Protein chains: 2
Amino acid sequence: MKRRKTESTNKIYSILKKSKSALSHDMIQEKMSSDVDRATIYRVLNRFCEDKIVHKVTGDDGKQYFAFCINCQEKKHKHNHFHFRCTSCGKVECLESEIKITLPNDYVFQNLNAIISGICSSCT
Amino acid sequence: MKRRKTESTNKIYSILKKSKSALSHDMIQEKMSSDVDRATIYRVLNRFCEDKIVHKVTGDDGKQYFAFCINCQEKKHKHNHFHFRCTSCGKVECLESEIKITLPNDYVFQNLNAIISGICSSCT
DNA sequence: CATTTAATGCGACTTTGTTGCAATAATAAA
DNA sequence: TTTATTATTGCAACAAAGTCGCATTAAATG
Ligand SMILES: [Mn+2]
Ligand SMILES: [Mn+2]
Ligand SMILES: [Zn+2]
Ligand SMILES: [Zn+2]
C-alpha cells in the first residue's frame, strides 16, 4: 500500500498546490490538459485526504471541495476554520479565522464542516 | 401564491415540530404513515424554508436536513449555530451556541452552514 | 528484464434532489 | 351549495455527484 507517482497524481497535486481556493472535482477536471477519468480523480483526491495532504469540505451546494489548507501545511492536519463559497463565481476559499468548538458533555468530535456562502469581494 | 393546507403539509409540519432533531427527506418519509411522493416531500420542505418555518442544513454527508430551530421560533429566521451529526445513529441536532461571523472586507454574507460530525452522547 | 501490485479506465450503479406535465383538490367567489 | 381558480400532488423522466467491481496498465523494486 505504498503510493505511486503517476502523471495524474502529479498533475492534480500541482493544480491543488497552485490554487488559492478549494476545488471541486469538475473544477479540477477542467484544469487538466489530458482526459482523466472521473473515478480516477476522485480516487486520487480521497487518497490525498487519507494522506492528509489536502482536506475536504462539503459545500452547502452538496459538492465536495478539496484544498491545501492555509494552516495545515505547518502544523498537523487541522482545518478548524470557516470556508467561504461565492454564489456568484463559485470560488471556495479557506478563511483564516480559527474556530473554537465546544461540544455538550459526552459528545465526541470527529470533523468540522463550516462554510459561509455569499458574494466574494471580486464579485461585489 | 397563497399556501394551502393539505394532509401532507400538515403531517410533515407536525413531524418536524415534534422532532427534537433535524430530519432528512428519507427520515421524514419513514415517519409518514401514508405514501407521499418524494418530490412532494421536497417541495413541501422547500416551501417551509421559503416561509421561514424551518431551516435547512447541508450535512458533511451531502444530505439536506430540515429543522424547526431552537432560536428561530422566537426571533426572526436566523440559524447561526452549529449542528451536530452523529455518524453512528445519524441524528442531526441544532446546538445552542450562537456563532459570530466576521467576513473579510467587501464580502457579503448570505448563509451559514456549520456542522460538526462525531459521536453523540447516546451512542458513546 | 521480470515480478509485484498500485493506479487507471470503463461501465454500471446508487443516492440525492429537481422539473415538466397532467390530474387532483383546497380555497374563494358566485 | 355550486362553480371557478389555481396551488398542490403523483408520476416519470432527468441531472448531478460520487462509488465500486473488474480487467488492464504501468510504477517501483530488485
Ligand atoms: Mn480549508
Ligand atoms: Mn439548526
Ligand atoms: Zn465571487
Ligand atoms: Zn448518536
Side-chain angles (χ1 to χ4, degrees), chain A residues 1-16 22-51 53-67 83 85 87 90 92 111 113 115 117, chain B residues 1-16 22-51 53-67 83 85 87 90 92 111 113 115 117:
Chain A
M1 56 164 110
K2 215 179 172 191
R3 299 275 126 99
R4 292 179 183 179
K5 291 197 174 179
T6 70
E7 215 175 313
S8 297
T9 57
N10 286 338
K11 193 73 199 295
I12 295 173
Y13 182 93
S14 76
I15 286 174
L16 282 169
L23 300 174
S24 64
H25 148 261
D26 50 298
M27 289 169 169
I28 291 171
Q29 195 153 45
E30 274 174 18
K31 288 179 191 287
M32 305 273 289
S33 43
S34 52
D35 254 358
V36 180
D37 193 74
R38 208 168 67 255
T40 301
I41 295 182
Y42 277 114
R43 282 189 276 227
V44 170
L45 290 170
N46 287 330
R47 256 179 273 146
F48 283 172
C49 280
E50 280 177 35
D51 298 349
I53 294 171
V54 305
H55 65 281
K56 182 203 288 192
V57 200
T58 302
D60 48 342
D61 58 354
K63 288 196 207 172
Q64 301 180 341
Y65 294 88
F66 300 84
H83 297 81
R85 184 175 67 87
T87 54
V92 174
N111 181 262
N113 195 90
I115 191 157
S117 52
Chain B
M1 58 163 109
K2 215 178 174 192
R3 298 276 127 100
R4 292 179 183 178
K5 292 197 175 180
T6 71
E7 213 175 314
S8 297
T9 56
N10 286 339
K11 194 72 200 296
I12 296 174
Y13 182 93
S14 76
I15 286 174
L16 282 169
L23 300 174
S24 64
H25 148 262
D26 51 298
M27 289 169 168
I28 291 172
Q29 194 152 45
E30 275 174 17
K31 287 179 191 289
M32 305 272 290
S33 43
S34 53
D35 253 357
V36 179
D37 193 74
R38 209 169 66 255
T40 301
I41 296 182
Y42 277 114
R43 281 190 276 227
V44 170
L45 290 170
N46 288 329
R47 255 181 273 146
F48 283 170
C49 281
E50 279 176 36
D51 298 349
I53 295 171
V54 304
H55 65 279
K56 181 203 291 192
V57 200
T58 301
D60 47 344
D61 58 354
K63 288 197 207 170
Q64 301 181 340
Y65 294 87
F66 300 84
H83 297 81
R85 184 174 68 87
T87 53
V92 174
N111 180 263
N113 196 89
I115 191 157
S117 52

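All values derive from a computational prediction rather than experimental measurement. Note on naming: letters A, B, ... go to the chains in the order of the sequence lines (proteins, then strands), and numbering restarts at 1 for each one.
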Where the side chain of B:Asp51 meets the backbone of B:Ile53, is there a donor-acceptor pair that is under 3.5 Å apart? no
If each of A:Arg38 and B:Tyr65 is mapped to the nucleotide of DNA chain C with the nearest heavy atom, which maps nearer the 5' terminus, i.e. the 5' end? A:Arg38
Of the candidate nucleotides C:dG9, D:dT9, C:dG17, which contains the atom at the shortest distance from the side chain of B:Thr9? D:dT9
Quick note, A:Ser8 side chain, CB onward, closest among C:dA28, C:dT8, D:dT6 is C:dT8
Hey, could you give me the CG/OG1 distance between A:Asn113 and B:Thr58, rounded to the nearest 0.5 Å? 9.5 Å
Within this structure, what is the NZ-to-C1' distance between B:Lys5 and C:dA26, rounded to whole angstrom? 12 Å
Please determine, for the side chain of A:Thr40, which listed nucleotide (C:dG9, C:dG17, C:dT4) has the closest atom? C:dG9
In terms of the angle between their ring planes, are B:His55 and B:His83 parallel, tilted or perpendicular, with boundaries placed at 30° and 60°? tilted
For atom CD of B:Glu7 and atom C1' of D:dG10, their distance in whole Å: 14 Å
If you only use heavy atoms from C-beta on, which nucleotide in C:dT8, D:dG10, D:dA17 is closest to the side chain of A:Lys63? D:dA17
Along DNA chain C (nearest heavy atom to each residue), the more 5'-positioned of B:Arg43 and B:Gly62: B:Gly62
Rounded to whole Å, how long is the line connecting atom CG of B:Asp61 with atom P of D:dA17? 16 Å
Among D:dG10, D:dT19, C:dT18, the nucleotide that comes nearest once only the side chain of B:Asn46 is considered: C:dT18
Could you give the OH-to-P distance, from A:Tyr42 to D:dG18, as a whole number of Å? 3 Å
